[in-house]
Amino acid sequence: MEQFLSNEESKAASRFLAALERLVSFASENDTQLGTDDLEFLINRVKTARTGFPLLQEERTAQQIDRLGSVLLGPVYTSNAYPWPFDSEGSPMAPLCQLNTAQFPVQMDTVEGLVQVWLASTGVAHGDSLIRVIPTAEVDAAEMTPVIVHDGNIEVLVADAAAWIPDMHIDAKPSRKQFLDERAAKLGFADADEQSEADWDAWCELSDEYSETYGEDLVPCLQITGFGEPRVYCDITEDQKVALANLEKLRSKREKKTGSTGDALTPLLDEVCQAYKDWTKVCGYQEYPCLFGTFQEIQYRALDCDIPFLCFESIGSRACWGDGGNAQVFYSKEGGFDFDWSCY
């Protein structure tokens with residue numbers, strides 16, 4: 001719970017945890033008929049609350065991506081010393097992301113350079129991966145090697161991780177979005193979306209013009225241009241929110257009853273309800289992907305894992321981790337990096 005939490009956030013978490021634990025302990029020792037399963041799960045969630053930073057992303061064509069920077073679903077740095085990796089069956093791997101630690105809003109004592117996550121065709125549901133760190137001292141633009149020549153059909157967990165590869169080996173051209181936005185601007189619109197709402201037929205004519213001039217559209221890649229404001233990540237499930245709402249209803253009902261002098265449960269309910277309100281004030285909007293933070297638990301608990309380094313719920317509409325799943329990169333000084341994902 002302590003990683004990067006401010007003093008105010010840490011105090012709010014501690015008060016909420018203590019109030020929940022006192023209530024659960026009282027309920028287990030007395031006949032309160034108070035269901036505590038969701039509250040016990042909530043205690044574990046608050047214990048894994050972490051400060052996180054959402055990734056700020058900008059769509060660019062593969063040829064426009066800065067391969068020395070931070071990248072999602074696009075070309076990353078390779079060299080003779082750090083070549084394009086192949087999996088155990090000899091198939092090329094696909095880069096999921098690259099993070100340049102020099103751009104981080106907070107620095108890590110033991111990690112420095114380019115952190116790359118590569119996906120393989122091997123493993124259950126293409127679940128194998130490679131995570132490597134290229135030290136800053138070994139990153140040299142003059143030593144950067146070209147992207148491999150491939151049709152982009154690499155069967156990995158996230159298909160778009162490789163779909164852009166053919167675009168690296170064609171003559172430079174704008175993406176359909178860039179072309180339409182530029183033409184819309186010349187006509188006095190803010191962008192192509194505004195033009196399409198105002199004059200759909202004209203927008204369609206321009207879209208056809210792009211196809212006739214350039215052919216197929218380019219696959220968009222994502223340049224990470226920075227990180228959003230820090231916020232506390234603590235995924236509270238709908239069941240847990242309902243349980244807390246029921247506590248508030250019970251508290252209100254008991255307070256209205258007469259003759260409750262000496263009642264031990266009502267003050268505990270008061271404490272939990274107030275602590276929850278204080279906790280929600282310091283929790284931010286859970287925006288993904290994010291650096292650090294935490295994640296929605298599906299097949300494994302955050303308490304049983306190393307601290308999250310990078311959390312994915314989705315990458316727009318382009319990355320799906322099975323059926324409504326998510327993925328994480330974990331890190332510890334002792335075990336290094338690890339990649340995992342789960343789904344419903």
Side-chain angles (χ1 to χ4, degrees), residues 1-30 32 34-54 105-106 228-252 264-313 325-332 340 342 344:
M1 181 177 63
E2 69 282 354
Q3 188 188 15
F4 302 124
L5 291 185
S6 70
N7 186 49
E8 177 189 4
E9 295 160 351
S10 183
K11 286 182 178 179
S14 296
R15 287 195 297 269
F16 190 29
L17 273 175
L20 285 169
E21 289 171 342
R22 280 192 286 268
L23 177 62
V24 169
S25 176
F26 180 85
S28 65
E29 296 172 359
N30 297 272
T32 62
L34 186 68
T36 59
D37 286 349
D38 286 321
L39 299 180
E40 290 174 349
F41 285 125
L42 178 57
I43 288 172
N44 290 336
R45 294 303 295 141
V46 179
K47 286 180 178 178
T48 58
R50 299 284 187 275
T51 295
F53 303 83
V106 293
E229 290 297 316
R231 75 280 310 269
V232 175
Y233 283 77
C234 179
D235 182 69
I236 299 178
T237 68
E238 290 303 315
D239 286 344
Q240 291 162 359
K241 291 177 181 178
V242 169
L244 289 163
N246 288 337
L247 291 183
E248 176 63 36
K249 292 178 182 177
L250 178 60
R251 180 197 67 79
S252 179
L265 177 58
T266 302
L268 293 175
L269 293 172
D270 285 339
E271 184 181 22
V272 168
C273 292
Q274 183 58 53
Y276 175 54
K277 291 177 182 178
D278 294 340
W279 175 237
T280 56
K281 291 177 182 177
V282 301
C283 287
Y285 174 64
Q286 315 285 280
E287 187 177 359
Y288 295 93
C290 69
L291 178 69
F292 310 132
T294 190
F295 57 95
Q296 179 185 0
E297 297 176 345
I298 302 177
Q299 295 180 4
Y300 43 81
R301 301 192 314 160
L303 272 179
D304 299 330
C305 303
D306 288 331
I307 291 175
F309 172 78
L310 185 61
C311 296
F312 296 102
E313 293 291 328
N326 55 33
Q328 302 82 35
V329 177
F330 299 101
Y331 175 75
S332 71
D340 206 348
S342 64
Y344 293 98

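Note that the structure is predicted; figures quoted are calculated from it, not measured. We count residues from 1, following the sequence as given.
- Side-chain contact between Leu42 and Phe16 is present, with at least one heavy-atom pair separated by less than 4.5 Å.
- The line from CZ of Phe330 to CZ of Phe295 is 4.0 Å long, rounded to the nearest 0.5 Å.
- In terms of modelled atom types and a separation under 3.5 Å, the side chain of Ser252 and the main chain of Lys249 share no donor-acceptor contact.
- The minimum heavy-atom distance between Arg231 and Glu229, with the atom names listed, is NE-O, 2.8 Å.
- Between Arg45 and Glu297, some side-chain heavy-atom pair lies under the 4.5 Å cut-off.
- A distance of 10.5 Å separates CG in Leu20 from CG in Asn44, rounded to the nearest 0.5 Å.
- Between the side chain of Gln286 and the backbone N or O of Cys234 there is at least one donor-acceptor pair closer than 3.5 Å.
- In this structure a side-chain-to-backbone donor-acceptor pair under 3.5 Å is missing from Ser25 to Glu21.
- Around CZ of Phe26, the count of heavy atoms belonging to other residues, nucleotides or ligands within 6.0 Å exceeds 12.
- In this structure, Leu291 and Cys311 have side chains that are not in contact, with every pair of non-hydrogen atoms separated by 4.5 Å or more.
- Within a 6.0 Å radius of CD in Glu8, no more than 12 heavy atoms belonging to other residues, nucleotides or ligands are found.
- With no hydrogens or angles considered, no side-chain donor-acceptor pair links Tyr233 and Gln296 at under 3.5 Å.
- Between the side chain of Gln274 and the backbone N or O of Glu271 there is no donor-acceptor pair closer than 3.5 Å.
- With a 4.5 Å cut-off on side-chain heavy atoms, Leu23 and Leu34 count as touching.
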